[in-house]
Amino acid sequence: MSKKPAFTPANTVVVLDFETSGLSPNQGDRAIEIGAVLIENGVITQRFSELMDPGFRISSFIEDYTGISNQMLKNAAPCHEVMVRFADFIGEHHLVAHNATFDQRFLDAEFAQISHQYKGQFGCSLLVARRLYPLASNHQLGTLVRYKQLPNNGTFHRALADAEMTSHLWLAMLADLQRDFAITSPPFSLMQKITKKTKADVPKFLREYSSR
DNA sequence: TGCCAGGCCCTCTTTAGGGCCTT
């Protein structure tokens, strides 16, 4: 039996973003679009982007917010078909999202519909950014993209565009860990540990991590 | 009937409250 390596680099992950009909799968909300990129050794190597039909009409607020219309969803595959393909895309990779608890709730809910379980763990770019960039005016994805002058095509609130921007943010944070703390190729587990530290404790934690 | 997310994080805190972030 093959044993999974203990060290998983943080620069090889699937970065994902859901557009949804609302904020809570517990209240009946469903995913309407999934966008994701696979980053391997710090480079985007694959993209996944699909609309999905939740089986009911979405609100005008969500149509305006995302630019995804009910007409567009009428022509899309149902959620369960898309999620089967997405399960294949993420494989056993670790996962990253901006405010990951939100995307994790929807991923769990949609995968439950197809009785699929995934092995990867979640990392949260929002929680890391709050600790690495305390001087940013806020930690919304769009604000951080401008703050770090990250690549973007001007599209926001669409799944693939947001996933790509989140991936650039993630890579920028890895680069800053290397620049500021000489931490080369941080493991995914380090990024998770950062989010468990208080903002005040993070610099000392990283200096000690770097010097060990 | 009326209401309706949930986790993180700071502070006027921990027997709590409220802003942030995601759609």
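Just so we're on the same page: letters track the sequence lines, and every chain starts at 1. Bear in mind that the values here come from a model prediction, so they are computed numbers and not experimental data.
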For nucleotides 20-23 of chain B, give me every protein contact, N/O to N/O, under 3.5 Å, one pair per line with atom names.
| unit_1 | atom_1 | unit_2 | atom_2 | d |
| --- | --- | --- | --- | --- |
| B:dC21 | OP1 | A:His139 | N | 2.5 |
| B:dC21 | O2 | A:Asn99 | ND2 | 2.9 |
| B:dT22 | OP1 | A:Leu141 | N | 2.8 |
| B:dT22 | O4' | A:Asn99 | ND2 | 2.9 |
| B:dT23 | OP1 | A:Asp162 | OD2 | 3.4 |
| B:dT23 | OP2 | A:Tyr65 | OH | 3.2 |
| B:dT23 | O3' | A:Glu19 | OE1 | 2.7 |
| B:dT23 | O3' | A:Thr20 | N | 3.1 |

With [atom1] as the reference atom in both, quote the distance from [N] to [M] in angstrom, rounded to an integer.
N	M	atom1	result
B:dG17	B:dC12	C1'	10 Å
B:dC3	B:dC21	C1'	23 Å
B:dG6	B:dT1	C1'	25 Å
B:dT15	B:dT22	P	31 Å
B:dG18	B:dC4	P	14 Å
B:dT13	B:dC8	C1'	15 Å

Do any pairs count as a salt bridge (Lys or Arg N to Asp or Glu O under 4.0 Å) and have a residue in residues 201-212 of chain A, sequence neighbours left out, and if so which ones? A:Lys204-A:Glu208
Does any pair with a residue in residues 19-32 of chain A pass salt bridge (Lys or Arg N to Asp or Glu O under 4.0 Å), and if so which ones, sequence neighbours excluded? A:Arg30-A:Glu110
Which donor-acceptor pairs under 3.5 Å do the side chains of residues 175-184 of chain A make with protein atoms, sequence neighbours left out?
| unit_1 | atom_1 | unit_2 | atom_2 | d |
| --- | --- | --- | --- | --- |
| A:Asp176 | OD2 | A:Tyr133 | OH | 2.6 |
| A:Asp176 | OD2 | A:Lys148 | NZ | 2.8 |

List, with names and distances, any nitrogen or oxygen atoms from the protein found under 3.5 Å away from nitrogen or oxygen atoms belonging to nucleotides 2-4 of chain B.
| unit_1 | atom_1 | unit_2 | atom_2 | d |
| --- | --- | --- | --- | --- |
| B:dC4 | O2 | A:Gln27 | OE1 | 3.1 |

Find the distance [X]:[atom1] to [N]:[atom2] and express it as a whole number of Å.
X	N	atom1	atom2	answer
A:Ile194	B:dC8	CD1	C1'	16 Å
A:Leu127	B:dG19	CG	C1'	15 Å
A:Phe122	B:dC8	CZ	C1'	16 Å

Whichever hydrophobic residues join A:Leu38 through chains of side-chain contacts under 4.5 Å: A:Val14, A:Leu16, A:Phe18, A:Leu23, A:Ile34, A:Phe48, A:Met52, A:Val82, A:Met83, A:Val84, A:Phe86, A:Phe89, A:Ile90, A:Leu95, A:Phe102, A:Phe106, A:Leu107, A:Phe111, A:Ile114, A:Tyr118, A:Phe122
What I want to check is whether the side chains of A:Ser24 and A:Asn26 have a donor and an acceptor closer together than 3.5 Å. no
Going by side chain to side chain donor-acceptor pair (under 3.5 Å), name the pairs with one or both residues in residues 37-49 of chain A, residues two or more places apart or in two chains. A:Glu40-A:Thr45, A:Arg47-A:Glu164
Applying ring pair (Phe, Tyr, Trp, His ring centres under 6.0 Å) as the test, list every pair that has at least one member in residues 185-212 of chain A; sequence neighbours left out. A:His94-A:Phe188
Donor-acceptor list for residues 73-81 of chain A side chains, cut-off 3.5 Å, not counting sequence neighbours:
| unit_1 | atom_1 | unit_2 | atom_2 | d |
| --- | --- | --- | --- | --- |
| A:Asn75 | ND2 | A:Gln71 | O | 3.4 |

One should read off an interatomic distance between A:Thr166 OG1 and A:His98 NE2, to the nearest 0.5 angstrom, of 6.5 Å
Closer to the 5' end of DNA chain B via nearest nucleotide, is it A:Lys197 or A:Ser24? A:Ser24
